[in-house]
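First the structure, in the form of structure tokens, and then the observations on it.
Quick note: residue numbers are just sequence positions, from 1.
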Amino acid sequence: MEPRVDPMDRRVLERNYDYAQRNVRLLSMWYDCELERMLELLAKHDIELSRNDEQQFGTYYRSLRRRSSCYGE
């Protein structure tokens, strides 16, 4: 039996972000979730955004990271 891979695991999520060419929109389509949810997951796992994603979503992403660190998630 093959071990199961948790797609929400930090290492898997980061690797999939790389596979998605570090494009959060593409990654959210791949994971079949809302863009905001994908940004929440990346922030929760402290995965840095690409330069392009930072330009588009940086303010929202940083607020999610602050909120996540405040609540100790």
Give, for atom [atom1] of [X] and atom [atom2] of [Y], the distance between the pair rounded to the nearest 0.5 Å.
X	Y	atom1	atom2	result
Ile47	Tyr61	CD1	OH	7.0 Å
Met8	Leu41	CE	CG	5.5 Å
Leu27	Met38	CG	CE	4.0 Å
Arg22	Leu42	CZ	CG	8.5 Å

Quiz prompt | Evaluation steps, salt bridge (charged side-chain N to carboxylate O under 4.0 Å, His left out), between Arg65 and Glu48 | solution = CA-CA 10 Å; Arg65 284 180 70 180; Glu48 291 296 323; 2.9 Å; yes
Practice problem: Report yes if some heavy atom in the side chain of Leu35 is under 4.5 Å from a heavy atom in the side chain of Phe57; otherwise report no. | Solution: yes
Quiz item: Is atom CZ of Arg15 surrounded by more than 12 heavy atoms (other residues, nucleotides or ligands) closer than 6.0 Å?
Solution: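 Count over threshold, so yes.
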Quick check: does any side chain N or O of [X] sit under 3.5 Å from a backbone N or O of [Y], one acting as donor and the other as acceptor?
X	Y	answer
Arg67	Ser63	no
Arg37	Ser28	no
Arg10	Asp46	yes

Self-check item: No-hydrogen, no-angle side-chain donor-acceptor test under 3.5 Å, Tyr31 and Asn16
Solution: yes
Quiz item: What residue among Val12, Asn23, Leu26, Leu49 forms side chain to side chain contact (heavy atoms under 4.5 Å, CB included) with Tyr17?
Solution: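 One option only clears the test, and that one is Leu49.
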Practice problem: Mind running side chain to side chain contact (heavy atoms under 4.5 Å, CB included) on Leu39 and Glu36 for me, showing each step along the way? | Solution: CA-CA 5 Å; Leu39 287 164; Glu36 291 80 8; 5.6 Å; no
